[in-house]
Amino acid sequence: MSAPTVVIVPGLRGDAPAHWQELYAARTPGTVTVGFPPKDRWHDLHARTALIEDTVADVNGAVILLAHSAGVLATVHWARTHGTSTASVIGAVLATPPDFDVDWPALHPRPAELAAEGWTPIPRSRLPFPSVLAASRNDPLARMRTSAGLAEVWGSRLVDLGDAGHLNPASGFGEWPLVDDLITEIALQRTS
């Protein structure tokens, strides 16, 4: 049995070479990253779920999704709307999903802007594959109780990261060593 392909689903950031997802991709051969939509469709959920669909369809074999921030929300929307396409997905690591009921810091899109682009309501049904949701207690884009509630409805195992901010370079994160363990956990579920 060949190793699963890790498909990275980025959030709303652009290129960020110091971001843990990009560092993971750089050190892990065979990793595939979902591309970014054109700038005129940057916040368009449909464009993002179509990119996830195309990327997963291009992978030959099993897939583990590795999503961060708005990439988590795009992933769960994709799973809800592309059910038959999820068959190759053996699991997902979902890191720090944002909370639309939080007043996000400057330089982030307003939750109302994303709602207008189809991001709400956030799907609240069990995912069709195993998942782990990693959440931070001091994330400026989400409350821990909301993240815990999403983990419960999605059927995800919740991982409490403590005070990790939004798990991005602005929060002091480059490498995120725990991600390797979480991916291994998902891959091992496939063989057990």
Side-chain angles (χ1 to χ4, degrees), residues 4 6-13 19-21 23-25 28 31 34 45 48-49 52 56 62-83 86 89-105 108 111 114 119-192:
V6 174
V7 172
I8 293 176
V9 185
L12 296 177
R13 66 179 167 78
H19 193 281
W20 64 266
Q21 283 181 312
L23 295 170
Y24 178 85
T28 310
T31 300
V34 173
L45 176 67
R48 289 184 180 265
T49 58
I52 296 169
V56 170
V63 169
I64 294 176
L65 298 170
L66 181 57
H68 178 252
S69 190
V72 172
L73 302 183
T75 296
V76 297
H77 277 284
W78 169 79
R80 182 180 56 83
T81 58
H82 294 82
T86 63
V89 176
I90 63 165
V93 175
L94 310 170
T96 62
D99 178 347
F100 286 123
D101 293 327
V102 168
D103 187 22
W104 296 350
H108 289 81
L114 295 178
W119 291 80
T120 58
I122 295 170
R124 297 197 182 267
S125 56
R126 189 171 191 85
L127 292 171
F129 41 75
S131 59
V132 175
L133 189 152
S136 168
R137 293 191 168 275
N138 66 341
D139 187 340
L141 301 181
R143 295 167 297 180
M144 184 63 162
R145 71 176 178 267
T146 300
S147 296
L150 291 174
E152 184 175 340
V153 296
W154 293 340
S156 305
R157 182 174 77 79
L158 180 65
V159 175
D160 184 340
L161 299 175
D163 291 338
H166 194 55
L167 196 64
N168 59 5
S171 300
F173 278 84
E175 281 288 351
W176 181 37
L178 179 61
V179 72
D180 296 298
D181 295 337
L182 298 177
I183 289 171
T184 298
E185 174 185 329
I186 295 291
L188 288 175
Q189 290 179 16
R190 174 184 181 207
T191 59
S192 57

**Q** Find out whether L23 and F173 are in side-chain contact, i.e. whether some heavy atom of one side chain is under 4.5 Å from a heavy atom of the other.
**A**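 Side chain of L23 against side chain of F173, heavy atoms only: no contact under 4.5 Å found.
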**Q** Should L141 and P105 count as side-chain neighbours, where that means a heavy-atom distance under 4.5 Å?
**A**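 L141 reaches P105 side chain to side chain.
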**Q** Take F129 and V63, measure what side chain to side chain contact (heavy atoms under 4.5 Å, CB included) needs, and give me the verdict at the end.
**A** CA-CA 11 Å; F129 41 75; V63 169; over 6 Å; no
**Q** I'd like to know if the side chain of S136 and the backbone of A164 have a donor-acceptor N/O pair within less than 3.5 Å.
**A**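 Confirmed, S136 side chain pairs with A164 backbone.
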**Q** If you measure from CZ on F100 to OG1 on T146, what distance do you get to the nearest 0.5 Å?
**A**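 Here the interatomic distance stands at 12.0 Å.
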**Q** Can you confirm whether P10 sits close enough to V34 that some side-chain heavy atom of one is under 4.5 Å from a side-chain heavy atom of the other?
**A**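 Yes, close enough: below the 4.5 Å cut-off.
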**Q** N168 and S171: side-chain donor and acceptor closer than 3.5 Å?
**A**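 Yes, because at least one side-chain N or O of N168 sits under 3.5 Å from a partner of the opposite role on S171.
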**Q** Would you mind reporting whether R137 and D160 have side-chain heavy atoms less than 4.5 Å apart?
**A**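 Of all side-chain heavy-atom pairs linking R137 with D160, at least one is under 4.5 Å.
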**Q** Using a 4.5 Å cut-off on heavy atoms from C-beta on, say whether the side chain of T75 contacts that of I52.
**A**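 A side-chain contact under 4.5 Å exists here.
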**Q** For residues I122 and L150, determine if any side-chain heavy atom of one lies less than 4.5 Å from a side-chain heavy atom of the other.
**A**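 Yes, at least one pair of side-chain atoms sits under 4.5 Å.
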**Q** Which value, rounded to the nearest 0.5 Å, describes the distance between Q21 atom CD and T28 atom OG1?
**A**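 It is 12.0 Å, given to the nearest 0.5 Å.
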**Q** Do W104 side-chain atoms and D99 backbone N/O form a donor-acceptor pair below 3.5 Å?
**A**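 Between the backbone of D99 and the side chain of W104 there is a qualifying donor-acceptor contact (under 3.5 Å).
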**Q** Return the minimal non-hydrogen interatomic distance between G174 and W20, and the atom names on each side.
**A**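 Closest pair (atom of G174, atom of W20, distance): O-CB, 2.7 Å.
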**Q** First locate atom CD of E175, then atom CG of D180, and finally report the distance between them rounded to the nearest 0.5 Å.
**A**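 If I round to the nearest 0.5 Å, the distance is 8.0 Å.
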**Q** Hey, can you tell me if W78 and H82 have their rings parallel, tilted or perpendicular (30° and 60° cut-offs)?
**A**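 Parallel.
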**Q** In this structure, are over 12 heavy atoms from other groups packed under 6.0 Å from E152 atom CD?
**A**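 Incorrect, the count does not exceed 12.
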**Q** Going from CG on L182 to CZ on R157, what distance comes out if it is rounded to the nearest 0.5 angstrom?
**A**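 So the gap between those two atoms works out to 6.5 Å.
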**Q** Between atom NE2 of H19 and atom OH of Y24, what is the distance when rounded to the nearest 0.5 Å?
**A**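 Rounded to the nearest 0.5 Å, the NE2-OH separation comes to 14.5 Å.
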**Q** Report the residue from V9, L127, L65, L66 that forms a side chain to side chain contact (heavy atoms under 4.5 Å, CB included) with L94.
**A**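 The residue from V9, L127, L65, L66 that satisfies side chain to side chain contact (heavy atoms under 4.5 Å, CB included) with L94 turns out to be L127.
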**Q** Can you find a pair of side-chain heavy atoms, one from L12 and one from S69, that are under 4.5 Å apart?
**A**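 A side-chain contact is absent here, since even the closest heavy-atom pair is not under 4.5 Å.
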**Q** By salt bridge (charged side-chain N to carboxylate O under 4.0 Å, His left out), which residues pair with R124, not counting sequence neighbours?
**A**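 Applying salt bridge (charged side-chain N to carboxylate O under 4.0 Å, His left out) to R124 gives none.
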**Q** Among residues at least two apart in sequence or on other chains, which ones pass ring pair (Phe, Tyr, Trp, His ring centres under 6.0 Å) with H166?
**A**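 If we apply the ring pair (Phe, Tyr, Trp, His ring centres under 6.0 Å) test to H166, skipping adjacent residues, the hits are H68.
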**Q** According to salt bridge (charged side-chain N to carboxylate O under 4.0 Å, His left out), who are the partners of R126, at least two apart in sequence or on a separate chain?
**A**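 None.
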